[in-house]
Amino acid sequence: MTEFTPQPSCADAQESHSLSVSDAKQRISNLVSTLTAWEKLNLRDSLGRILHKPIISPINVPPHNNSAMDGYAIQSADITPDSFTVQQVGIAFAGQPFNGNIQRGECIRIMTGAMMPTDCDTVIMQEQVETNGNTITIHGKHQHGQNVRSAGEDLKTGETILSEGHKITAADLGLIASLGIGEITVKRRLRVAFFSTGDELRSIGEALEEGQIYDSNRYTLYGMLKRLNVNMLDMGVVPDQKQTLKEALQQAAEQADVVITSGGVSVGEADYVKEILAELGHVDFWKIAMKPGRPLAFGKINDALFFGLPGNPVSVMVTFYQFVSAALQQLAGEPVQPKLVMQVPCVSTIKKRAGRFEFQRGILFEDEQGDLKVKTTGEQGSGILRSMSEANCFILLDENCEGISPNSTVTVQPFAGLI
Ligand code: AMP
Ligand code: MG
């Protein structure tokens, strides 16, 4: 675990004390280690989980040389430049090998996947022969070893097939099954506790009184965490009261590897939450040079990682996508995948001032010529969650950008399944 050093805080008056997006990512990454706990699972249950121990092949796959075609297995020494004739002396099916010997001038009928007889090294496709009883006349040009799949050509005994940290996919389930392995060792699932803070928040099913709103952040967080395959502990809404908040944070940190809250970290409220977090752990309040998502609290409460996300619904999603998801992957022991970006012409005019990184919500579309373009979703307020529903990408406008005129090229980051 890396030593945690105090960072610029929300209380800093100067904008120059804002952290850049890339520095914030780096600082988070420096503090995150990898879970060491593991469990054994049945193969099927391991889909989407992270390997703790590599998979080493106990066998060759395929275990024996076998035919890649329905046809006739021969000795390549019999091949001549012109047509030639061999005698069929047996037959081999997949799972039912031919166990006799084969002499020069002989062949066996062989089906796809059937084990090659030890004396044969070549298979002639059935479409290239003429049969007359057991007399098989072979036409065409043929090569030594053709249409034979060699033992171990897919996987070799002792070979590392999948390394620690690999995330199990559907293909991997099949690959591991092909080795006859039914149980594998994976990293324990992350436990993530989260709650929303705010006196104004009500949960679904409760009536709204004046000044109150429904809590949506716990639902977006649920959706994004679900995609990351973690165990979730939804702790509901916690009011802006010192003691209740403190107890909720303590309880969350005891039960989870990661604690995520939303709200209560902006300048107006930061000192109050700050006071509690100073008592419980080591958390810094950052002002990040980005929009949306400027305030972000990050650090540790005991052994748990803590992310205090801003309250605005769009900011929650942007900060989760840009900072939290990679940290969770790192903690889970998964290689952090770089987020895909691409350059496309933007058809909208975008106003922006230099000095902060903006994550505008965009819609990638094909124009009449079939060319990929992007437009903004319109109003970009951090409370307009509909912009996230409508969007299929972020338009990334870096610190130096001073606005976009129509048809200039912008960098977009397509939503990669998490949102
Ligand atoms: P805060 O960061 O607590 O000052 O909240 C910023 C804005 O986000 C306020 O307008 C809050 O009402 C709103 N907000 C905070 N938490 C939530 C939530 N869980 N769901 C919807 N809106 C929220
Ligand atoms: Mg609040």
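Atoms within a ligand are numbered from 1 in the order they appear, just like the ligands themselves. This chain uses plain numbering: 1 for the first residue, then up along the sequence.
- Between the Lys352 side chain and the Asp398 main chain, a donor and an acceptor come within less than 3.5 Å of each other.
- Formation of a donor-acceptor pair under 3.5 Å by the His64 side chain with backbone atoms of Val61 is not found in this model.
- Note: Phe394 and Phe415 have perpendicular aromatic rings, judged against thresholds of 30 and 60 degrees for the angle between ring planes.
- Less than 4.0 angstrom separates some heavy atom of Ser196 from each of these atoms of ligand 1: 19 (N).
- Checking side-chain atoms of Asp121 against main-chain N and O of Ser76 turns up a donor-acceptor pair under 3.5 Å.
- Applying the 4.0 Å criterion to heavy atoms of Tyr214 picks out, from ligand 1, the atoms 20 (N), 21 (C).
- Taking atom 4 (O) of ligand 1 as the reference point, the nearest protein heavy-atom neighbour is Glu269 OE1, 2.9 Å.
- With a heavy-atom cut-off of 4.0 Å, Ile213 touches ligand 1 through its side chain alone.
- Geometrically, ligand 1 and Asn312 share a nitrogen or oxygen pair separated by less than 3.5 Å.
- Between the side chain of Asp70 and the main chain of Thr112, a donor-acceptor pair closer than 3.5 Å is present.
- What sits closest to atom 21 (C) of ligand 1 on the protein, heavy atoms only, is Ser216 OG, 3.4 Å.
- Regarding atom 17 (C) of ligand 1, its nearest protein heavy-atom neighbour is Asn217 ND2, 3.2 Å.
- Checked by atom type and distance alone, the side chain of Arg109 pairs as donor or acceptor with a backbone atom of Gly71 at under 3.5 Å.
- For Gln380 (side chain) and Gly378 (main-chain N/O), a donor-acceptor pair under 3.5 Å exists by modelled atom type.
- Ranking protein heavy atoms by distance to atom 9 (C) of ligand 1, first place goes to Glu200 OE2, 4.2 Å.
- The option with the heavy atom closest to atom 3 (O) of ligand 1, from among Gly264, Ser315, Gly311, is Gly264.
- Not one N or O on the side chain of Asn65 forms a donor-acceptor pair closer than 3.5 Å with the backbone of Met116.
- When each atom of ligand 1 is checked for a heavy atom of Asp215 under 4.0 Å away, the hits are 18 (C), 19 (N), 20 (N).
- Less than 4.0 angstrom separates some heavy atom of Ser266 from each of these atoms of ligand 1: 4 (O).
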